[in-house]
*Asks:* 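Structure in structure tokens, see below.
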Number of protein chains: 2
Amino acid sequence: MLYSEKMTSTDKKVRYLPKSEQGAYTRETAAAGVEQALKLLEGRWKLVILFHLFGGHVMRFSDLERAIPAVSQKMLIQQLRQMEKDGIVRRIVHHQVPPKVEYALTDWGQALCPALDALLTWAADRPPLETSAATDETAQ
Amino acid sequence: MLYSEKMTSTDKKVRYLPKSEQGAYTRETAAAGVEQALKLLEGRWKLVILFHLFGGHVMRFSDLERAIPAVSQKMLIQQLRQMEKDGIVRRIVHHQVPPKVEYALTDWGQALCPALDALLTWAADRPPLETSAATDETAQ
DNA sequence: CAGCATCCTACGGGATACTG
DNA sequence: CAGTATCCCGTAGGATGCTG
């Protein structure tokens, strides 16, 4: 379980732990934590970029542009920079006369892979979703 | 690895599999799959609701309203209904003279817990993020 | 109690043009 | 090559009021 399940109707915040004291979350802190994590991934192109960088691939700006034709320069740079300041992506500048900038994942960014895999697996396990039958307890 | 890593510069879509044929993803389908999954979780209140329902808790509308004071009725109902049609939440209507509607997670919804846990763990492992030093390969 | 309807605003993100 | 700068628009989501 993610958070302490020991709660009765006297449901105050049982043991709020400041942060990074992993092992104990309340509903609120757990939700907030996941929200924080998701915010880092929100953005139309973040995931696409991420999946192009997974596996230690190092790509320069123009490589990414070519790999993701639908993205605009503005968006590409914007999302890359955000992920950089979030510590997910590493930006490597080579000072040359035709500029050369490469992007790669940080170790932490690379560590996202299994987490995303869990989501992917969850999504794949989706049942056919029945066409609005039952779920009506009238007969009880 | 999430997707087949066997790609050379001849990087066409190596084996695009229609769906739910888990075990083989390209960068594109993997990214799209995760995007799909994340779309189900996007929404200012989805996670908060989710974490209140985790653990098999069954709550009626007014319970959720009280548990999440900051949410408006409109938003609460909207996100609940979306999660319902997405197959994450189960809506249980009791036909009574003061109406009574309860919400609970589906099995699939409950199965989200470990995936979100993975994200939470990842987020908790975030390194201090150094104040913009290095990462400049000028000296090479 | 458990909603639906309407109005309104902030902002993510697309298109386009320019630059060190 | 690797960006920055403007303009513009769709939509998520807040506030408020009404109803079976």
Side-chain angles (χ1 to χ4, degrees), chain A residues 31-32 35-36 38-50 52-53 58-86 89-104 132 135-138 140, chain B residues 31-32 35-36 38-50 52-53 58-86 89-104 132 135-138 140:
Chain A
E35 259 170 90
Q36 281 302 107
L38 288 189
K39 254 205 305 235
L40 304 181
L41 304 179
E42 268 163 31
R44 180 68 187 83
W45 304 102
K46 296 248 187 93
L47 287 174
V48 190
I49 295 170
L50 225 32
H52 274 278
L53 258 29
V58 178
M59 301 181 71
R60 42 193 301 186
F61 189 81
S62 49
D63 289 337
L64 286 167
E65 270 191 291
R66 243 169 291 113
I68 316 171
V71 73
S72 69
Q73 286 190 322
K74 173 198 168 187
M75 276 300 112
L76 184 54
I77 199 68
Q78 188 179 102
Q79 315 246 312
L80 279 170
R81 289 296 176 82
Q82 269 187 36
M83 297 177 94
E84 185 196 5
K85 64 181 276 294
D86 288 336
V89 157
R90 222 160 47 89
R91 184 160 173 274
I92 306 146
V93 183
H94 304 266
H95 288 239
Q96 303 180 350
V97 239
K100 176 177 177 180
V101 179
E102 293 180 309
Y103 294 90
S132 72
T135 64
D136 188 345
E137 306 291 307
T138 312
Q140 289 192 350
Chain B
E35 259 169 270
Q36 280 302 107
L38 288 189
K39 256 207 301 240
L40 304 180
L41 304 181
E42 269 164 29
R44 181 67 188 81
W45 305 103
K46 297 249 185 90
L47 287 174
V48 190
I49 295 170
L50 224 33
H52 275 278
L53 258 31
V58 178
M59 301 181 74
R60 39 192 305 186
F61 189 81
S62 49
D63 290 338
L64 285 166
E65 270 192 291
R66 243 170 292 113
I68 315 171
V71 74
S72 68
Q73 285 190 323
K74 174 197 166 187
M75 276 300 111
L76 183 54
I77 200 66
Q78 187 180 103
Q79 315 246 313
L80 279 169
R81 288 299 174 80
Q82 269 187 37
M83 295 178 97
E84 185 197 5
K85 64 180 277 293
D86 288 337
V89 157
R90 222 159 48 87
R91 184 162 173 272
I92 305 147
V93 182
H94 303 268
H95 287 237
Q96 302 179 350
V97 241
K100 177 177 177 182
V101 180
E102 294 181 310
Y103 293 90
S132 75
T135 64
D136 186 347
E137 306 292 307
T138 312
Q140 290 191 349

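Labels below follow one simple rule: chain letters A, B, ... track the order of the sequence lines, proteins then strands, and each chain is numbered from 1. Given the structure is predicted, the values throughout are model-derived calculations rather than measurements.
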*Asks:* Name the nucleic acid region contacted by Gln79(B), choosing base, sugar-phosphate or nothing; use a 4.0 angstrom heavy-atom cut-off, strictly under.
*Replies:*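 Gln79(B): backbone/sugar contact only, no base atoms under 4.0 Å.
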*Asks:* Can you tell me how far P of dT19(D) sits from CD of Gln73(B), to the nearest Å?
*Replies:*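 One finds 15 Å between P of dT19(D) and CD of Gln73(B), rounded.
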*Asks:* What's Pro99(A) touching, base or sugar-phosphate or nothing? Going by heavy atoms closer than 4.0 Å.
*Replies:*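 If one applies the 4.0 Å heavy-atom cut-off, Pro99(A) turns out to touch a base.
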*Asks:* Expressed as a whole number of angstroms, how long is the span from Gln78(B):CD to dT6(C):P?
*Replies:*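 Rounded to the whole Å, the gap is 15 Å.
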*Asks:* Is Arg91(B) near enough to dA2(C) that one of its side-chain N or O atoms lies under 4.0 angstrom from OP1 or OP2?
*Replies:*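 Checking Arg91(B) against dA2(C): no side-chain N or O falls below 4.0 Å of OP1 or OP2.
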*Asks:* Starting at atom CD1 of Ile77(A), determine the distance to atom P of dC1(D), rounded to an integer number of angstrom.
*Replies:*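 Spelled out: CD1 on Ile77(A) to P on dC1(D) is 14 Å.
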*Asks:* Taking N and O atoms by type only, does the side chain of Lys74(B) place a donor or acceptor under 3.5 Å from a partner on the base of dG14(D)?
*Replies:*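 Such a pair is found, so the answer is yes.
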*Asks:* Side-chain N or O of Arg60(A) less than 4.0 angstrom from OP1 or OP2 on dC1(D)?
*Replies:*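 The answer is no; no side-chain N or O of Arg60(A) sits under 4.0 Å from OP1 or OP2.
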*Asks:* Reckon Ser62(A) has a side-chain N or O less than 4.0 Å from the OP1 or OP2 of dC1(D)?
*Replies:*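 Checking Ser62(A) against dC1(D): no side-chain N or O falls below 4.0 Å of OP1 or OP2.
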*Asks:* Specify the separation, in whole Å, of atom CD of Glu102(A) and atom C1' of dG3(D).
*Replies:*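 Result: 16 Å.
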*Asks:* Report the distance from atom NZ of Lys85(B) to atom CG of Leu80(B), rounding to the nearest 0.5 Å.
*Replies:*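 Between atom NZ of Lys85(B) and atom CG of Leu80(B) there are 13.5 Å.
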*Asks:* Give a yes or no answer on whether the side chain of Glu102(B) reaches the backbone of Val58(B) with a donor-acceptor pair at less than 3.5 Å.
*Replies:*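 Looks like no, no N/O pair under 3.5 Å.
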*Asks:* Apply side-chain contact (heavy atoms from CB on, under 4.5 Å) to the pair Val71(B) and Val48(B), showing each step before the final yes or no.
*Replies:* CA-CA 10 Å; Val71(B) 74; Val48(B) 190; over 6 Å; no
*Asks:* Without decimals, in angstroms, what is the distance between Ile92(A) CD1 and dC1(D) P?
*Replies:*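 One finds 19 Å between P of dC1(D) and CD1 of Ile92(A), rounded.
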*Asks:* Roughly, in whole Å, what's the span from CD in Gln96(B) to P in dC1(C)?
*Replies:*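 To the nearest whole Å, that distance equals 13 Å.
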*Asks:* Does Arg90(B) offer a backbone N or O that forms a donor-acceptor pair with the side chain of Glu84(B) under 3.5 Å?
*Replies:*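 No, the answer is negative, given that no donor and acceptor are paired below the 3.5 Å cut-off.
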*Asks:* Check the distance between dT16(D)'s P and Leu76(B)'s CG and give it to me in whole angstrom.
*Replies:*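 Answer to the nearest Å: 18 Å.
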*Asks:* Considering only dA2(C), dG13(C), dG14(D), which nucleotide approaches the side chain of Arg44(B) most closely?
*Replies:*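 Given the options dA2(C), dG13(C), dG14(D), the side chain of Arg44(B) is closest to dG14(D).
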*Asks:* Choosing from dC4(C), dG13(D), dG14(C), which nucleotide comes nearest the side chain of Arg81(B)?
*Replies:*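 Selected nucleotide (nearest to the side chain): dC4(C).
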*Asks:* To the nearest Å, give me how far apart CD (Glu65(B)) and C1' (dG3(C)) are.
*Replies:*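 The distance from CD of Glu65(B) to C1' of dG3(C) comes to 9 Å, rounded to the nearest Å.
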*Asks:* So, does Lys46(B) use its side chain to make a donor-acceptor pair with the main chain of Met83(B) at under 3.5 Å?
*Replies:*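 Checking the backbone N and O of Met83(B) against the side chain of Lys46(B), no donor-acceptor pair under 3.5 Å is found.
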